[in-house]
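Numbers for residues simply follow the sequence, beginning at 1.
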Amino acid sequence: MPRWDSARGDASSVRPGVAGDQIRTRLKRASISETAGKISVPAAAGSGVGTGHNGGMHNGADSNEDLREEYRIKMRGRLLRRSASFNVAHAVDSLEPGTGAQSIQRALTLLNLVGLIAGERREGASLSELASISGRPKASVHRMLQALIAMGYVERLEEGGYRLGVQSQILGQLAQKSVDPLVTESESSLLRLAELSQDTVFLTLRTGSYSICARREEGFGEIFNNALSVGDRHPLGIGAGSLAILSELSPAEVDAQFEANTEILAERYPKVSVPHLRDIIDQARIDGFVHNPGLFAKGSWAVAVPLRIRGSRPRAALSIASIADRVTGPRVERLVALLRREAKAIAEALSSQTDPIPDSGDL
């Protein structure tokens, strides 16, 4: 899948290749509004894409400012992506020193990081980046990588980066045989949502006091949302899907989740206001859905609904993300209706199954 930024740093961008040179030309002329928090793309004839809030092309005097603002958006997006990587490395409490379990934890954490980072770029994950995110000395990270390479779980590329090895790929294939039924049942719904909305659709699952992006599907529209990738992990409350899950919990449970993540929220998400998140959750309890006005990733707006599955604690949500123009006004009602319809279909399919549905909410 072609991407505007191989590092996926910007929150939303125009998908290259959708309409050939016209789209690439409009991408270069993309107008980005700081105050509205959105990206508006001047339309080519017959493309059906609106011109945005300012209604048209920019002259040469504005182009430098556009490029500077686009760079700022990319950097904010990269910070969010780095937070996701950091959370993979630090979401599990450290075990007691001197135990064999601690070494296993560090090796598996490193393996997760290699998979997450290498999945974003062809050159793989660099040693310096792995050491920086994990907080471990380069020499220690290098030794663990060599052990993982010897076992076939990691391989080193000619360019010097690291990616998952054959043994990891085999484990992934074996895991497909015991995948969470919720993830399996959601596939058709996510595909329908992506096709009907022409935007990016996500399945978010709760794992303890964190949420993880379990699936994503992209519509064939021109806007490509880069704020969340499969495997990304954030504290509960970061992201529309995560907020939708919290809206199904009691106020006391919500307080407990925010308290558990006090340190990580302050360190990695300093601009996020927990009182503001509580207000969104309270409103979601009234409306039955979450509307995220680009709070976490610049240019990425979203709506989300919780998945209510009989006999299971709140642990999942569906969401649709795009630019502000596509997640405001009357279109929000249409997107929410689509999400609710598919959430109901998934819940009914799972309720008809005889096998118990795994609940990771209290892990």
Side-chain angles (χ1 to χ4, degrees), residues 1-21 23-24 27-28 30 67 70-71 73-89 107-134 136 138 141-142 144-173 175-176 194 200 202 212-234 297 299-300 321:
M1 182 69 65
R3 290 171 175 153
W4 168 241
D5 180 7
S6 61
R8 292 189 350 95
D10 52 333
S12 295
S13 61
V14 178
R15 184 192 309 275
V18 175
D21 293 337
I23 297 299
R24 284 187 287 274
L27 179 58
K28 294 177 182 177
L67 291 174
E70 182 173 353
Y71 175 77
I73 287 179
K74 288 177 182 291
M75 292 308 297
R76 281 188 288 266
R78 287 193 179 109
L79 287 175
L80 188 71
R81 298 287 300 135
R82 288 172 185 168
S83 292
S85 301
F86 179 90
N87 293 332
V88 170
L108 291 176
T109 296
L110 183 61
L111 185 64
N112 284 336
L113 281 176
V114 171
L116 179 64
I117 298 172
E120 302 290 328
R121 58 190 76 146
R122 292 181 179 180
E123 65 270 24
S126 69
L127 175 61
S128 59
E129 187 171 15
L130 292 170
S132 175
I133 295 175
S134 65
R136 305 291 302 165
K138 275 189 178 182
V141 172
H142 184 263
M144 283 190 285
L145 286 170
Q146 294 306 306
L148 291 169
I149 289 173
M151 295 292 293
Y153 289 99
V154 171
E155 63 184 32
R156 188 173 186 183
L157 302 174
E158 293 182 1
E159 297 84 354
Y162 299 87
R163 69 179 181 188
L164 295 180
V166 174
Q167 190 61 39
S168 293
Q169 297 169 26
I170 292 173
L171 280 181
Q173 294 175 9
Q176 291 295 319
T200 310
F202 303 93
I212 187 169
C213 177
R215 289 194 75 115
R216 66 173 279 158
E217 294 293 341
E218 296 143 12
F220 290 99
E222 297 173 358
I223 303 302
F224 183 62
N225 187 279
N226 297 323
L228 197 62
S229 183
V230 172
D232 282 2
R233 186 189 301 264
H234 292 287
S300 177

Rounded at 0.5 Å granularity, tell me how far CD1 in Ile170 sits from CG in Leu164.
12.5 Å
Just to verify, what does Ile212 make a side-chain contact (heavy atoms from CB on, under 4.5 Å) with, not counting sequence neighbours?
Leu205, Thr207, Arg233
Interatomic spacing from CG in Leu130 to CD1 in Ile117 - rounded to 0.5 Å
5.0 Å
Nearest 0.5 Å, please: how far is CE in Met144 from CG in Leu108?
10.5 Å
Can you name the salt bridge (charged side-chain N to carboxylate O under 4.0 Å, His left out) partners of Arg136, sequence neighbours left out?
none
For the residue pair Leu145 and Val114, establish whether any side-chain heavy-atom pair is separated by less than 4.5 Å.
yes
Please report the interatomic distance CG(Asn112) to OG(Ser134), rounded to the nearest 0.5 Å.
12.0 Å
Those residues that, when tested against Gln146, pass side chain to side chain donor-acceptor pair (under 3.5 Å) (two or more places apart)
His142
Counting only heavy atoms not in Glu158 (residues, nucleotides, ligands), do more than 12 fall under 6.0 Å from its CD?
no
Determine the minimum heavy-atom distance between Phe202 and Ala321, stating which atoms define it.
CE1-CB, 3.7 Å
Do you know which two heavy atoms are closest between Ala131 and Lys138, and how far apart they sit?
CB-CG, 3.8 Å
Atom pair OG1/CD1 of Thr109 and Ile133 - distance to nearest 0.5 Å
12.5 Å
Within the distance-only criterion (no hydrogens, no angle test), does the side chain of Ser229 pair as donor or acceptor with the backbone N or O of Asp232 below 3.5 angstrom?
no
Testing the basics here: between Tyr162 and Ala118, what is the closest heavy-atom pair and its distance to 0.1 Å?
O-CB, 3.5 Å
Is a side-chain donor or acceptor of Arg216 paired with a backbone partner of Leu228 at a separation under 3.5 angstrom?
yes
To check you understand the geometry: which heavy-atom pair defines the closest contact between Glu129 and Arg121, and what is its length?
OE1-NH1, 2.6 Å
Which residue pairs pass the salt bridge (charged side-chain N to carboxylate O under 4.0 Å, His left out) test with at least one member in residues 145-157, sequence neighbours excluded?
Glu155-Arg163
